[in-house]
Protein chains: 2
Amino acid sequence: MEDMSHKSARLDLDELESVFAAMELTNPESAKGRLLTMAAHLFKVRGFDRTTVRDLASAVGIQSGSIFHHFKNKDEILEAVMRDAIVYNTRLMIEGVKASTTLKEQLLGLIRCELESINGVTGEAMNVLVFEWRNLPEEKQRGILELRQYYEDLWLSALESAVEQGMVQGDPFVIRRLLAGSLSWSSTWYRIDGSLSLEHLAEQALLLILH
Amino acid sequence: MEDMSHKSARLDLDELESVFAAMELTNPESAKGRLLTMAAHLFKVRGFDRTTVRDLASAVGIQSGSIFHHFKNKDEILEAVMRDAIVYNTRLMIEGVKASTTLKEQLLGLIRCELESINGVTGEAMNVLVFEWRNLPEEKQRGILELRQYYEDLWLSALESAVEQGMVQGDPFVIRRLLAGSLSWSSTWYRIDGSLSLEHLAEQALLLILH
DNA sequence: TTACAAACCAAGCGCTTGCTTGGTAGGATC
DNA sequence: GATCCTACCAAGCAAGCGCTTGGTTTGTAA
């Protein structure tokens with residue numbers, strides 16, 4: 001049995017770094033990297049279930065059976081996409097928080113980071129993380145949730161400070177959920193090359209929580 | 001060719017009423033109604049693709065082939081769930097708007113209505129509408145979008161008034177999208193029988209847009 | 001040159017899927 | 001009491017699915 005005296009099995013920065021080192025999503029040099037990028041793309045536009053291993057294989061120019069040289073099964077591809085998406089963006093968030101001096105700046109930084117993660121280069125993978133969650137087997141969900149915790153803790157501690165200082169009204173947990181919905185949902189309507197800049201959108205989103 | 005001089009083919013209240021009369025989702029008397037309720041349930045918890053017609057059939061106690069006496073194919077079940085969910089909740093919204101006197105009250109009413117639609121009795125069907133959208137064939141998406149327009153127009157006109165009066169800051173369209181994300185997403189974390197009442201959540205959500 | 005592993009191919013197996021078919025039970029209508 | 005219609009069953013087909021298998025190519029390093 002595991003020690004359950006802690007609320008959750010937190011992972012520290014070192015662990016995060018080691019997982020980061022194994023990330024392949026953004027590496028177009030390796031076959032596995034290309035497979036993951038294309039998987040993120042197809043999983044986003046068609047959904048996980050409607051994407052067959054034959055679709056994925058022919059999209060990267062190999063035979064369907066060859067996929068299973070790189071991944072044990074289809075679920076593991078989904079897991080890898082999600083894991084890499086989280087790890088990559090958690091690193092960006094940590095850097096963003098470090099770089100900001102005021103609390104307001106920090107909140108805006110977090111919002112901008114999250115908007116970029118879901119509408120920028122890793123957008124397809126993050127979309128898969130958000131909208132294909134149910135397709136991940138439960139045991140693998142737990143592992144991904146653990147990775148996500150680091151990320152969510154950054155948000156909660158920032159919001160707690162903001163509430164203490166009277167910048168934000170309400171329960172930090174509820175506010176985080178409401179805001180998370182707004183930001184995740186942006187991928188369904190926001191176009192990064194449209195007339196609304198991501199910076200303006202981030203400021204509008206910051207207005208939601210500030211009082 | 002249709003007349004395309006109008007931005008969208010708006011449907012009026014009479015049409016809405018006639019579609020409403022054919023709604024079966026909430027009718028446990030008819031076999032079709034029970035089928036739709038169970039479909040909404042299964043589509044929500046497993047997703048459309050992972051719900052087989054055999055699952056659905058055995059859940060209502062008939063043979064899998066018998067489903068196709070009521071629906072031409074599986075897609076039409078999804079469409080019917082979505083259509084009934086929209087029509088039912090649009091009616092509630094119209095009544096809510098009529099009943100409110102002040103603008104603030106109207107906004108709170110719209111928020112409460114949307115929260116109830118997605119977390120209350122029609123919650124499973126509304127969840128299917130929001131999260132299984134991609135699984136609906138494109139031609140059917142257009143029909144459902146048309147139904148949704150009435151509903152979205154209610155929101156936009158209320159927000160436009162609010163911006164004019166200085167109650168709300170920003171572009172009504174963007175604000176509506178951000179808020180729609182918050183409210184839709186609530187189904188993933190909010191429990192209607194938990195410690196946070198739906199009324200309190202609605203007030204917290206209203207705080208997001210008010211300034 | 002040989003040795004070896006990683007990357008991939010060609011073929012197809014076993015299973016599940018949406019859906020079809022031909023038929024039956026039971027109630028309403030004339 | 002014959003006719004008809006709605007709601008269903010029992011059986012199964014064709015297609016598509018994830019994944020396996022045994023073998024071949026390709027790159028690397030001794």
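Worth saying up front: this structure is predicted, and the values here are computed from it rather than measured. Proteins come first, then strands; the chains are lettered A, B, ... in the order of their sequence lines, and each starts at number 1. Just so it is clear, the values below take in all heavy atoms, side chains as well, and ignore hydrogens, waters and symmetry mates.
B:D49 places its CG atom 15 Å from the C1' atom of D:dG18, with the value rounded to the nearest Å. Atom-to-atom, CZ of A:F71 to P of C:dA6 comes out at 16 Å; the value is rounded to the nearest Å. Distance A:I77 CD1 to D:dC17 C1': 14 Å, rounded to the nearest Å. For the pair A:D55 CG and D:dG16 P, the interatomic distance rounds to 12 Å; values are reported in whole Å. In this structure, CZ of B:R46 is placed 15 Å from C1' of C:dT17, rounded to the nearest angstrom. Rounded to whole Å, atom P of C:dT21 lies 18 Å from atom CD1 of B:I67. Following rounding to the nearest Å, A:K32 (NZ) and C:dA6 (C1') show an atom-to-atom distance of 12 Å. We find that CZ of A:R34 is positioned 11 Å from P of C:dA7, with the value rounded to whole Å.
Side-chain polar atoms of A:E132 and A:N135 form a donor-acceptor pair below 3.5 angstrom. Of the N and O atoms on the side chains of A:R191 and A:N119, not one donor lies less than 3.5 Å from an acceptor on the other residue. Side-chain contact annotation: A:S197 with A:H200, donor-acceptor N/O pair under 3.5 Å present.
DNA chain D is contacted by both B:G65 and A:K74; B:G65 maps to the nucleotide lying nearer its 5′ end (nearest heavy atom per residue). If A:T52 and A:K72 are placed on DNA chain D by their nearest nucleotide, the residue sitting closer to the 5' end is A:T52.
Regarding contacts with the backbone of D:dC9, a side-chain N or O of B:S66 is found under 4.0 angstrom from either OP1 or OP2. Phosphate contact (OP1/OP2 of C:dA7, side-chain N/O of A:H69, threshold under 4.0 Å): present.
Remark: the B:R54 side chain and the C:dG18 base include a donor-acceptor N/O pair separated by less than 3.5 Å.
Using a 4.0 Å heavy-atom criterion, one finds that A:T51 contacts the sugar-phosphate atoms exclusively.
Remark: B:K74 is not positioned above the aromatic ring of B:F68, lacking an NZ or CZ atom under 6.0 angstrom from the ring centre and at most 45 degrees off the axis.
Set against C:dC8, C:dC19, D:dC9, the side chain of B:N73 has C:dC19 as its closest nucleotide. You'll find that the side chain of B:F68 is closest to C:dC19, out of D:dC9, C:dC19, D:dC19. The side chain of A:Q63 has C:dA10 as its nearest neighbour among D:dT20, C:dG18, C:dA10.
Side chain of B:S58 to backbone of B:G61: no donor-acceptor contact under 3.5 angstrom is found.
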